[in-house]
Each structure stands twice: as structure tokens, then as C-alpha cells.
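Below: the structure, in C-alpha cells.
Below, all heavy atoms of this structure are taken into account, side chains as well, without hydrogens, waters or symmetry copies. Since the structure is predicted, the reported quantities are computational estimates derived from the model, not experimental observations. FYI, the numbering just counts along the sequence from 1. Just so you know, ligand 1 is whichever comes first in the structure, and atom 1 is the first atom listed for that ligand.
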Amino acid sequence: MDSKVSALLNDQINKEFYSAYLYLDMANFYSRKGLDGFANWYEIQAKEEQDHAMLMYQYLHNNGETVTLEAIAKPDKAFETLMDPLKAGLEHEKYVTSLINTIYEAAQEVKDFRTTQFLDWFIKEQGEEEKNSMDLITKMELFGDDARSLYMLNSELAGRTYSAPSLVL
Ligand code: FEO
């Protein structure tokens, strides 16, 4: 594998684990606020991020590459309002989309079509993650100021269940 593509994928493993950490911190925030449904939603999000990291880890191994695990940064976003994590989540997903696009571009430049095909799943996944983040913001804008509606929204988010990624390597 091209050394730049390999290094970017290796770095992305760390970024995905950081994402998991960031979402766990959001779950942590909502737990403290007594919103267990929101906490559940973000705990599952954190699990998905770990899956993303592990898919990249496995992909590099499958291609004979060495994986180097670096320190995971401390989640450093401060949340005050119930909206804060939702907006931070959307910003973060846009950032991750840009990272995936950069890897895709690097792979395309060296005609590494196996990697672009691998990344196709992530490109689609990023579209879903950005949409999910935007939907949450919209719902909070609509219902967040009313206690009963917030209770209903919290109950809805409590219903999110985890399922393993559909991507098979
Ligand atoms: Fe792994 Fe939320 O992107």
C-alpha cells in the first residue's frame, strides 16, 4: 500500500477512537442532566465509532500494513446547554467527512482502487451521520423548550439500538 494512504488510514483509527470518546463524553453530559435517552443515543454512537476504528485497523492488517496506535486525545468540548453537544456533534461529523475525503483523494491519486472501494462505505456512512446530527438539532429546536415534548424526544432516543456495521471486509 502507498505509504501516505497507509499513514492516513492509521491516523484515522485514532480519530475514530477520539470520536468514540467525544460521543461518550456527550452521553456522560446527558446522563448528568437526567436525559437517559439522549445518553443512550450517544453511547450507541460511541460504539459505532469504535467499529469504524476497528474496520480500518482490520483493513490495514488485511493488507499487510503495520498499525501504530497513538494516544487518544481528551475530549475537550465544554457543554452547557442541551443543544451544545448536538451542534458540536454535527461540526465534528463534518470534520470527519473532510478527513475521509482526504484519504479517498490520496488513494485515488495512486490508483489504489481497493482502498477507494473500502472507503465508499465510509463516504455513505458520513452522509448518514451528518443527516442524523442535523435531524437531532431540528428536533431539539422544535421541541427542546417544552418539558413534555423534551420528555417524548428523550423517550424516542432511548429506543435507539446498536447493530454491527454492515460492511464485511
Ligand atoms: Fe466515524 Fe462519526 O464517523
Side-chain angles (χ1 to χ4, degrees), residues 1 4-31 35 37-63 65 67-79 82-108 112 114-140 156-169:
M1 190 183 287
K4 185 180 168 193
V5 174
S6 173
L8 284 169
L9 280 168
N10 196 105
D11 196 41
Q12 192 62 30
I13 293 173
N14 185 274
K15 298 275 196 330
E16 299 291 340
F17 277 125
Y18 172 77
S19 300
Y21 229 34
L22 178 65
Y23 286 128
L24 192 59
D25 202 35
M26 292 177 181
N28 188 28
F29 170 79
Y30 286 118
S31 274
L35 289 168
F38 282 75
N40 171 64
W41 201 92
Y42 279 108
E43 278 170 21
I44 289 171
Q45 193 60 35
K47 276 192 199 143
E48 288 198 355
E49 299 300 348
Q50 291 177 60
D51 289 338
H52 297 167
M54 290 308 295
L55 285 167
M56 287 171 181
Y57 170 91
Q58 194 61 53
Y59 180 74
L60 284 171
H61 275 292
N62 286 0
N63 284 277
E65 294 294 308
V67 171
T68 307
L69 297 175
E70 304 289 351
I72 301 165
K74 181 179 175 175
D76 59 351
K77 298 203 191 315
F79 309 123
L82 297 180
M83 180 65 97
D84 287 346
L86 307 182
K87 293 215 163 148
L90 176 58
E91 279 319 298
H92 185 69
E93 286 306 329
K94 286 183 180 171
Y95 167 62
V96 174
T97 297
S98 76
L99 296 173
I100 300 287
N101 288 348
T102 298
I103 309 172
Y104 198 100
E105 244 182 330
Q108 223 170 20
D112 179 354
R114 189 187 302 157
T115 297
T116 56
Q117 195 174 51
F118 167 68
L119 289 174
D120 279 341
W121 183 88
F122 286 88
I123 300 275
K124 190 160 169 283
E125 177 76 1
Q126 282 311 121
E128 280 173 22
E129 301 228 319
E130 285 188 33
K131 182 184 183 307
N132 289 342
S133 303
M134 286 188 288
D135 287 351
L136 280 180
I137 291 170
T138 303
K139 285 179 180 176
M140 184 61 97
E156 181 193 320
L157 299 183
R160 184 181 186 188
T161 54
Y162 168 76
S163 57
S166 54
L167 177 61
V168 178
L169 292 177

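By the salt bridge (Lys or Arg N to Asp or Glu O under 4.0 Å) test, D135 is found to be paired with K131, residues two or more places apart in sequence or in another chain being considered. With sequence neighbours excluded, the residues forming a salt bridge (Lys or Arg N to Asp or Glu O under 4.0 Å) with K124 are E128, listed by chain and number. Looking at residues two or more places apart in sequence or on another chain, you find no salt bridge (Lys or Arg N to Asp or Glu O under 4.0 Å) involving K77.
Within a 6.0 Å sphere centred on OH of Y57, other residues, nucleotides and ligands contribute 12 heavy atoms or fewer.
Exactly one of L24, D25, L86 qualifies for a side-chain contact (heavy atoms from CB on, under 4.5 Å) with Y42. That residue is L86.
Taking 4.0 Å as the cut-off between side-chain N and carboxylate O, K47 and D51 do not count as a salt-bridged pair.
Of all protein N/O/S atoms, those under 2.8 Å from atom 1 (Fe) of ligand 1 are E16 OE1, E49 OE1, H52 ND1, and waters are not counted.
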